[in-house]
Amino acid sequence: MLFCFFAHNMTTQQHKIPITLGVTGHQDLREAEQDRLCQSVRQIFQFLKKHYPHTPLQLFSALAEGADRLVAKVALEQQIDVIVPLAIPLDLYLQDFQTPESKDEFMDLFNQAKENQQVFKLNLLEGITEESLETDVEARRQQAALAGAYIAHHSHILIALWDGKHLNESGETAQVLDFKLTGDMKMLPKRYKHQHGPLDVPDTGPVCHVMTSRKSSLHALACVGEMEVLLPNQTNKNKLNDLKPLLSNDLKALNCFNQDVGRYATRPKLQRRIQKGQKYLLSDTQLWADLLTLSPAFQTMLGVYSTANTLARHFQSRLRLFTGLVLGIAFGMVGCYGWYTSIATDLPALIGYFILFLGGWGIVWVNQWRAYHSKNLDYRALAEGLRVQIFWHLSGLTDSVADHYLRKQRGELTWIRQAIRAINIYDWVENQENIEVVYWHWIRNQSPWFSERALKNQQIAKKLSGWIKKLFTLGLILIIALLVGHVIAVISPTSLLHNLLILLIAFFPATGALLHHYVEKMAFEEQAKQYERMAALFAKADEEVKKLLNAPDQNDATQQKAEEVLFELGKEALEENGDWVLLHRKRQLELPKGCLLYTSPSPRDS
């Protein structure tokens, strides 16, 4: 069962996604160098706060002697939360500290983390027991290596207080540093590594190397406290004390999300939607209370999920409003241009066209400036990833969504995987097993939702396609009427009726083309097919899980089968949402092309 100490209350800060920092380093620091090392670590924290002012920082530290505690103290001084993953039971871990002062120092830092509900215990590696940890030095080293790997895996940036020497021992600083840069560590089980397939590119990250001497070394380093940023796959070294390589587009996107949380999530209307979204996801009152007691990090996950979902809907409504305005302006531009070329070449029609064009361009510019389109997609992707993570957590799965999500959408969407990993700090511990809750609140909810959305998109696509056909048909009928009128000499080429028909012959097909542009942008038919596939998938999962829940013998095998179904269902849901993001990613809002400046003969040409 998940090891934690207190249930905590939801705060506004818990709607934000933190930049997570990890620390690794030597345990035998030189006393005379510690002030200089503190100054360098403080500089790293202040640099990140300056460049990402809307984003909280949090630090993972195992609180071992030396580097772990030095960085933790500076973090607490800078009002940064410290999270302590225990790889060894507390009573055994205390035995590693030889002096009463060291134990007191550890307990002081430990209790501060404990008060903030930021202490938890990692699983023991296969073949290791608490009894073996008491006597087996190698087992303790392997558990320490697990803690180092966990910290490197879950941190955006790893701070390494290191002398630059490789000792090739389990869990030593260089191995943890290499794991952050390459995603691989000797003797670490596969489930704890970034790479889950032979062709899977591991998620790695930067290391901020702070030059540090060791007591056990004969000579102190001359460059103690100097900082060097190490990047994955880097061939050339960065300049010393230049922290700019720590900046990245992923952290910038994270900061942008947190800025939007601060800007929009405090509005009363959106606050109510956020609270409603949390309750809707898990509406059982007793379950809600129990979950918050058992899993302190659950509130953060739920808070970020509901906030991301609410912000995505908010930006989606803005995008739809702007899309409607642009289409309306396009209709007006077609009308003005047609009137000017077909009815009367007067100045007001030309001025009207110009004003509408500027208005349409302005709306498109505001949409791009505010990034409504990309924020709608990104925040929706974040929310859907967290939805799957929440239900995996409840079903007993320890898999991380970050290892299976948006693998095909590398680059600009990497920040979403990193954000989920930063929030899902309990993926290497035992989760609770509540398949029935997952069945009722996920499978039973999602199956009809996908069916309804598929039907709605089909109906919209069918309705708009019908209107497009009618408009083009009407244009064809008017052309035929004009030809017949000319042949039987009923319509004079200089008459108002002739010019009006010329206008409508161009206007109706242009309107149809605009509607076709709208249908393509919204991708109603493609979405309907995706929703149909997911509805069928959830219906099948409903059938399988219901069968397992009703089985007379509820045992470990039944739980394992249910977890396998839910794992595959989650992966399919993640893949579907990734495809949805790809489908809409390049369909930016823009003024329709090719249907605004149609050519029609003017009265003078007739």
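Starting from 1, each residue takes its place in the sequence as its number. Since we're looking at a predicted model, the values are computed, not measured.
A donor-acceptor pair under 3.5 Å is absent between the side-chain atoms of Q175 and the main chain of M185, judged by distance alone. S306 contributes no side-chain N or O that, together with a main-chain N or O of G303, makes up a donor-acceptor pair within less than 3.5 Å. The backbone N or O of I151 sits less than 3.5 Å from a side-chain atom of S155, completing a donor-acceptor pair. Distance alone, capped at 3.5 Å, places no donor-acceptor pair between the D184 side chain and the F179 backbone. Remark: the backbone N or O of I425 is paired with a side-chain donor or acceptor of Y150 at under 3.5 angstrom. In this structure, the side chain of K16 engages the main chain of H54 through a donor-acceptor pair within 3.5 Å. No donor-acceptor pair closer than 3.5 Å links the side chain of K180 to the backbone N or O of L158. In this structure, S447 contributes its side chain and R444 its backbone to no donor-acceptor pair below 3.5 Å.
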Is there a side chain to side chain contact (heavy atoms under 4.5 Å, CB included) between D542 and Y439? Walk through the geometry before answering. CA-CA 7 Å; D542 188 334; Y439 173 74; 2.7 Å; yes
Could you please spell out the steps behind the ring pair (Phe, Tyr, Trp, His ring centres under 6.0 Å) verdict for W449 and Y531? CA-CA 9 Å; W449 185 88; Y531 290 148; 5.8 Å; yes
Should H404 and F567 be marked as a ring pair (Phe, Tyr, Trp, His ring centres under 6.0 Å) after you check the CA-CA gap, both sets of side-chain angles, and the distance that decides it? CA-CA 11 Å; H404 303 277; F567 177 68; 5.3 Å; yes
Is there a side chain to side chain donor-acceptor pair (under 3.5 Å) between Q389 and N424 once you walk through the steps? CA-CA 8 Å; Q389 188 66 75; N424 183 38; 3.2 Å; yes
Would R380 and Q316 satisfy side chain to side chain contact (heavy atoms under 4.5 Å, CB included), going step by step from the backbone distance to the final call? CA-CA 10 Å; R380 175 70 64 193; Q316 183 185 54; 4.3 Å; yes
Using the rule given for side chain to side chain contact (heavy atoms under 4.5 Å, CB included), can you reason through W392 versus T398, listing the C-alpha separation, both sets of side-chain angles and the distance that settles it, and then say yes or no? CA-CA 7 Å; W392 274 2; T398 57; over 6 Å; no
What do the steps show when you test L270 against H314 for side chain to side chain contact (heavy atoms under 4.5 Å, CB included), and what is the final call? CA-CA 8 Å; L270 293 183; H314 173 73; 4.3 Å; yes
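For the residue pair R273 / N309, no side-chain donor-acceptor distance below 3.5 Å is found, with atom types taken as modelled. For the residue pair T414 and D250, no side-chain donor N or O sits within less than 3.5 Å of a side-chain acceptor on the partner. Between T20 and H156, the side chains place a donor N or O and an acceptor N or O closer than 3.5 Å (distance only, hydrogens not considered). Defined by atom type and a distance below 3.5 Å, a donor-acceptor pair is present between the side-chain atoms of T55 and N255. A side-chain donor from one of Q559 and E563 sits under 3.5 Å from a side-chain acceptor of the other.
Under the 4.5 Å side-chain criterion, counting only non-hydrogen atoms from C-beta, H373 is in contact with L377. No side-chain heavy atom of V565 sits under 4.5 Å from any side-chain heavy atom of K561. Using a 4.5 Å heavy-atom threshold, the side chains of I443 and L566 count as touching. L251 places none of its side-chain heavy atoms less than 4.5 Å from the side chain of W415. When side chains are defined from C-beta on, F391 does not count as touching L569, because their heavy atoms never get closer than 4.5 Å. Between W440 and N445 the shortest side-chain heavy-atom distance does not fall below 4.5 Å. Counting heavy atoms from C-beta outward, N367 and I363 have side chains that stay 4.5 Å or more apart. Two residues are said to be in side-chain contact when any heavy atoms from C-beta on lie closer than 4.5 Å; Q446 and M534 fail this criterion.
Contact detail for L124 and A87: the closest heavy-atom pair is CD2-O, 3.9 Å. What you find for A312 and N376 is that their closest heavy atoms are O-OD1, 3.2 Å. Pairing each heavy atom of V438 with each of L394, the nearest pair is CG2-CB, 3.7 Å. Of all non-hydrogen atoms in A419 and L254, the two that sit nearest each other are CB-CD1, 3.8 Å. Nearest heavy-atom pair across H15 and T307 is ND1-OG1, 2.6 Å. Closest approach of A147 and L122 over heavy atoms only: CA-CD1, 4.0 Å.
Going from atom CD1 of I274 over to atom CG of L302 covers 12.5 Å, rounded to the nearest 0.5 Å. Rounded to the nearest 0.5 angstrom, S248 OG and I157 CD1 are separated by 7.0 Å. Rounded to the nearest 0.5 angstrom, E526 CD and F524 CZ are separated by 10.5 Å. Rounding to the nearest 0.5 Å gives a distance of 9.0 Å between CD1 of I423 and CD1 of I390. Rounded to the nearest 0.5 Å, atoms OG (S395) and CD (E564) are 12.0 Å apart. Taking NE2 of H154 as the start and CG of L21 as the end, the distance is 14.5 Å to the nearest 0.5 Å.
Open room surrounds CG on N249; 12 or fewer heavy atoms of other groups in view lie less than 6.0 Å from it. Other residues, nucleotides and ligands place no more than 12 heavy atoms under 6.0 Å from the NE2 atom of H516. The environment of W467 atom CH2 is sparse: at most 12 non-hydrogen atoms of other residues, nucleotides or ligands sit within 6.0 angstrom. When the shell of 6.0 Å around CG of N233 is examined, it contains 12 or fewer heavy atoms from other residues, nucleotides or ligands.
The salt bridge (charged side-chain N to carboxylate O under 4.0 Å, His left out) check on R533 picks up E572, with sequence neighbours excluded.
The residues R417 and D403 are annotated as not salt-bridged, no charged nitrogen and carboxylate oxygen being separated by less than 4.0 angstrom. The existence of a salt bridge linking E544 and K540 is confirmed by a sub-4.0 Å separation between a basic side-chain nitrogen and an acidic carboxylate oxygen.
Residue pairs satisfying the salt bridge (charged side-chain N to carboxylate O under 4.0 Å, His left out) criterion with at least one member in residues 453-470, sequence neighbours excluded, are absent.
The only option from V388, L382, I420 that meets the side chain to side chain contact (heavy atoms under 4.5 Å, CB included) definition with Y405 turns out to be I420. When each of F315, W369, Y372 is checked for a ring pair (Phe, Tyr, Trp, His ring centres under 6.0 Å) with F322, only Y372 meets the rule. Between Q458 and the options E532, Q527, K529, a side-chain hydrogen bond (donor to acceptor under 3.5 Å, both in side chains) holds for only E532.
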